[in-house]
Amino acid sequence: MSNNVSNLNQDHFHEDKPQVFAVARSSGGDWTFNRRDFVKAAGTAAGAAAAVNMLGAQPRTAHAHPLLQEEMEGAKAHAGIVYSLAVSPDDSLLASGGGDNTVKLWAISSGALLQTLTDHTDAVRAVAFNPAQDLLALEGSESEQPANKLLASGSSDGTVKLWAAPGGELIQTLQGHSDTVLSVAFSPDGTLLASGSADGSVIVWSVSDGAPLHTLSGEYNAASRLAFSPDGALLAVGYPGDNDGIMCTLNSMVRLWSVSDGELAHELMGESCDINNVAFNQAGTSLTAVGGDNIRVWALPGGELVQEATIYGQNVTAAAFTSSQGLLVVGRIGGTVGLVSVPNGETVCTREGHKVNDYMRVFSAVVSADGTRAFTGCEYGVIRWWSLVNEQPVRMLGSHDDAVIAFAFSPDRSLLASCTNQGNLYLWALPDGELIRTLEDPEYSIASLAFSPDSSLLALGCVAWSDGIVRVQSTADDSVILEIANKPNADCLTFSPDGTLLAVGSDNMIKLWSVPDGSLIARMEGHTDPVAAITFSPDGTLLASIGYDDTTCLWAIPDGTRVNTIKSAMRCSVVFGSDGTWIAVGGFGEGVDLYSVPDGASIGTLKGDGELLAVSPDGTLLAGCSGSKGEIQLWSMPAGKPVTLLARHAFSLALAFNSDGSLLASGGRDQAIRLWPVPVPALVYDRTLADIAASLDTFSGAQYTVTGEDVITQSCGSQIPAGATCICNCVEGGICRCDGHTSGSGSGGHYWYPN
């Protein structure tokens with residue numbers, strides 16, 4: 001693993017060998033606080049904060065966590081605000097309108113800047129592609145070639161311009177507004193164009209000749225958002241309200257106009273000052289409006305308000321509907337980008353894609369026609385690229401009686417065992433997910449479990465108030481093969497790769513037992529606080545343990561000699577890489593630490609939480625989740641590139657890959673286990689525009705890294721090293737001419753990477 005992984009933003013997870021961890025012990029050392037106790041204490045938000053405080057960590061609120069930091073900031077596409085974004089109907093072009101008075105056209109496949117259109121004399125506030133393809137050149141066009149894609153742009157100069165794309169030829173300038181043009185939208189058949197202005201008017205134009213057909217006088221603030229109904233019969237216009245800086249003095253409104261005669265059909269009132277987007281559903285039977293922190297849905301044709309929900313978090317400043325309208329891509333104050341469920345307003349995930357400070361605003365968002373990508377633009381002129389695919393688990397295993405605190409796949413992939421906060425054991429058949437049986441023990445509660453490598457045995461760590469036992473039973477008939485007294489309890493356990501040994505973490509000691517005779521092979525003592533997690537190296541020659549004493553220990557197997565001790569603050573999870581040459585260590589603090597084995601040398605720190613960690617069997621994926629935040633993320637290894645995001649548990653408590661890496665399972669306080677196909681589709685950071693424009697003079701975000709490459713950092717004005725390529729396409733061997741960019745820490749710099 002290269003050292004540059006330390007520059008990447010990461011999160012956390014746990015590995016294929018089934019493990020369940022104790023959660024904490026008081027610093028006084030006179031009592032233990034296992035995962036079951038943690039779940040009970042964290043039943044409410046106040047309980048969760050109290051529980052984490054008991055662990056010695058800082059309390060954390062249960063909100064979505066950032067998946068990208070400032071080091072992933074993109075290239076500056078405009079010198080001013082990115083006010084508007086649009087994607088062509090065939091998903092080949094991205095258009096952006098900026099505060100630098102320009103429209104820019106980008107090739108989505110390569111990210112290349114194709115054209116910069118400069119005929120506007122003020123900020124470009126709106127852009128839209130005509131949904132109809134292969135339109136003939138319009139009147140006034142000097143070209144005899146068909147304009148395959150027609151682009152409209154509206155500007156603060158009061159004009160609407162029509163362009164041929166991707167060539168960038170100016171076809172026509174439409175004049176009729178007395179103030180800034182804030183919105184433009186084409187009818188579904190491409191024959192009409194509507195433009196909304198800060199003067200309150202909406203003009204409906206004929207696309208064929210640019211003639212105005214209707215002028216809709218709103219007499220109600222600016223016409224900031226537009227949408228045609230699917231049949232083209234109605235035009236929805238969003239009018240923001242007024243805000244005196246303290247409260248709304250006038251609420252927003254959506255008006256529905258008849259396109260055929262320009263008559264007002266409905267007035268739909270809101271209760272916020274903002275209108276960020278309006279959209280009809282595909283059948284045209286409802287209209288949804290997003291404004292500030294609200295989502296409202298009206299039934300059509302009557303206009304009755306049928307749904308209303310609050311979007312929690314910072315106020316939404318930009319919103320785009322996905323193709324199914326089941327999700328919104330939203331931008332917020334503070335520079336965050338997220339997914340919000342419609343219409344209930346639930347935040348699915350949040351990422352700090354544009355975050356520079358707490359006041360940064362995301363001004364624009366758009367989703368591709370096929371629904372697989374999203375694009376966002378912010379006030380610093382940066383555009384970001386995202387992959388967007390609806391996430392669905394292949395199966396969800398419910399019917400648990402309480403929070404799922406542990407589970408394990410059998411290596412032959414035929415079974416999944418789980419246990420809950422009530423201490424009961426559930427056995428599920430795979431792949432259909434049928435519940436085979438439930439086992440209860442009135443004397444002991446199950447806190448941890450692990451399958452033997454041949455899947456014939458299931459080891460259970462059983463706890464009681466005064467003592468604990470380890471029970472090894474047959475997976476075929478539940479007959480007990482071995483029972484070992486293990487006081488005070490058995491908080492975590494795992495089989496060796498050859499199945500001959502069983503390691504058990506109990507209090508501040510690890511015991512190594514022979515299977516199946518139950519003889520004690522070794523005691524591994526060295527932690528001064530309870531052991532949180534244990535795991536064998538892939539070849540079985542080492543055991544890694546992590547304790548709440550802020551240490552990770554490596555032990556030689558089978559004699560139990562301590563090989564190394566690594567200090568790592570407040571950590572509770574540890575996994576080996578599949579080749580056994582490195583370990584990942586995570587916990588309640590920020591960062592997942594990577595160390596080489598066996599010398600314990602630091603490789604780097606992956607930014608994020610690491611309460612649970614997992615590595616896929618082939619070592620290509622690291623998965624991680626934050627228990628209290630309920631989010632799960634995967635990264636490709638060893639480069640550490642984020643590849644997917646899940647956010648479906650209210651409180652994640654267990655995580656594992658199956659033995660061939662085709663499934664990822666997650667369990668939590670919602671009493672369910674979700675099985676996800678690997679790779680898991682979700683909202684994923686895809687790329688910045690850092691590699692797109694030879695003409696760009698500045699680069700915003702000096703910590704941008706190219707995944708898998710060694711990045712060289714030098715200040716602007718330095719000699720570009722031989723054999724290196726400047727991201728802004730400065731000439732090899734010449735002087736870097738790019739300046740004006742700073743990193744999140746405020747230091748200037750530029751990056752090259754090897755050809």
Side-chain angles (χ1 to χ4, degrees), residues 78 83-98 100-107 113-199 201-216 223 225-228 232 235 237 259 364 366 369:
H78 289 273
Y83 279 111
S84 184
L85 295 166
V87 176
S88 63
D90 63 356
D91 289 332
S92 65
L93 297 176
L94 174 70
S96 59
D100 55 4
N101 309 346
T102 68
V103 177
K104 295 194 177 186
L105 293 172
W106 315 86
L113 177 64
L114 302 178
Q115 298 288 341
T116 299
L117 314 179
T118 60
D119 284 70
H120 281 295
T121 59
D122 208 335
V124 178
R125 301 295 297 269
V127 289
F129 279 99
N130 192 311
Q133 293 290 297
D134 300 321
L135 292 175
L136 296 178
L138 306 184
E139 282 188 22
S141 169
E142 297 178 359
S143 171
E144 297 180 358
Q145 299 299 318
N148 291 328
K149 299 172 185 65
L150 183 67
L151 176 71
S153 61
S155 169
S156 294
D157 62 15
T159 67
V160 176
K161 293 183 183 289
L162 299 178
W163 314 83
E169 174 194 10
L170 177 60
I171 297 174
Q172 209 163 42
T173 298
L174 309 179
Q175 295 179 314
H177 293 291
S178 61
D179 206 337
T180 297
V181 178
L182 297 172
S183 52
V184 290
F186 284 96
S187 62
D189 64 3
T191 62
L192 301 176
L193 172 69
S195 58
S197 171
D199 61 15
S201 69
V202 175
I203 300 178
V204 179
W205 313 82
S206 168
V207 171
S208 62
D209 58 9
L213 302 179
H214 301 296
T215 298
L216 313 176
R225 295 292 183 268
L226 301 172
F228 279 92
L235 176 65
V237 182
V259 174
S364 51
V366 69

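All values below were derived from every heavy atom in this structure, side-chain atoms included, with hydrogens, water molecules and symmetry-related copies excluded. Sequential numbering from 1 along the given sequence is applied to the chain's residues.
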Sub-3.5 Å donor-acceptor pair from the side chain of Asp157 to the main-chain atoms of Thr121, do we have one?
yes

Ile203 side chain near Leu174 side chain, heavy-atom distance below 4.5 Å:
no

Can you name the closest pair of heavy atoms from Gly232 and Pro188 and give their distance?
CA-CD, 4.0 Å

Spacing of OG belonging to Ser88 relative to CG belonging to Asn130, to within rounding of 0.5 Å
11.5 Å

Which residue in the set Asp90, Leu93, Leu150, Val87 passes side-chain contact (heavy atoms from CB on, under 4.5 Å) when paired with Phe129?
Leu93

CD on Gln175 to OG1 on Thr159, rounded to 0.5 Å:
6.5 Å

Please name all residues satisfying side chain to side chain contact (heavy atoms under 4.5 Å, CB included) with Arg125, sequence neighbours left out, ordered by chain then number.
Tyr83, Ala123, Ser156, Thr180, Leu182

Could you tell me whether a side-chain N or O of Asp199 sits under 3.5 Å from a main-chain N or O of Ser178, the two making a donor and an acceptor?
yes

Heavy-atom closest contact (Asp189 atom, Ala132 atom, distance):
O-CB, 3.8 Å

Nearest 0.5 angstrom please: Thr173 OG1 to His120 NE2, how far?
7.5 Å

Can a donor-acceptor pair be found, under 3.5 Å and without considering hydrogens, that links the side chain of Ser197 to the backbone of Asp179?
yes

Considering non-hydrogen atoms only, spot the tightest contact between Phe228 and Ala185 and give its length.
CE1-O, 3.4 Å

Once rounded to the nearest 0.5 Å, what's the spacing between atom CG of Asp122 and atom CG of Asp100?
11.0 Å

Which atom names give the shortest non-hydrogen contact between Ser153 and Val103, and what distance separates them?
CB-CG2, 3.8 Å

Contact check, side chains of Ser155 and Val181, non-hydrogen atoms, under 4.5 Å
no

Mind checking the CD-CG spacing from Gln115 to Leu151? Nearest 0.5 Å is all I need.
11.5 Å

Across all chains, not counting sequence neighbours, the side chain to side chain contact (heavy atoms under 4.5 Å, CB included) partners of Thr118 are Thr102, Thr116

Ser84 versus Val127, closest heavy-atom pair with distance:
OG-N, 3.0 Å

Can you name the closest pair of heavy atoms from Gln172 and Gly210 and give their distance?
OE1-CA, 3.5 Å

Got Val124 and Leu117 here, is their nearest side-chain heavy-atom distance under 4.5 Å?
no

First locate atom CG of Leu114, then atom CG of Leu105, and finally report the distance between them rounded to the nearest 0.5 Å.
6.5 Å

Within the side chain of Asp91, is there an N or O that forms a donor-acceptor pair under 3.5 Å with the backbone of Ala369?
yes

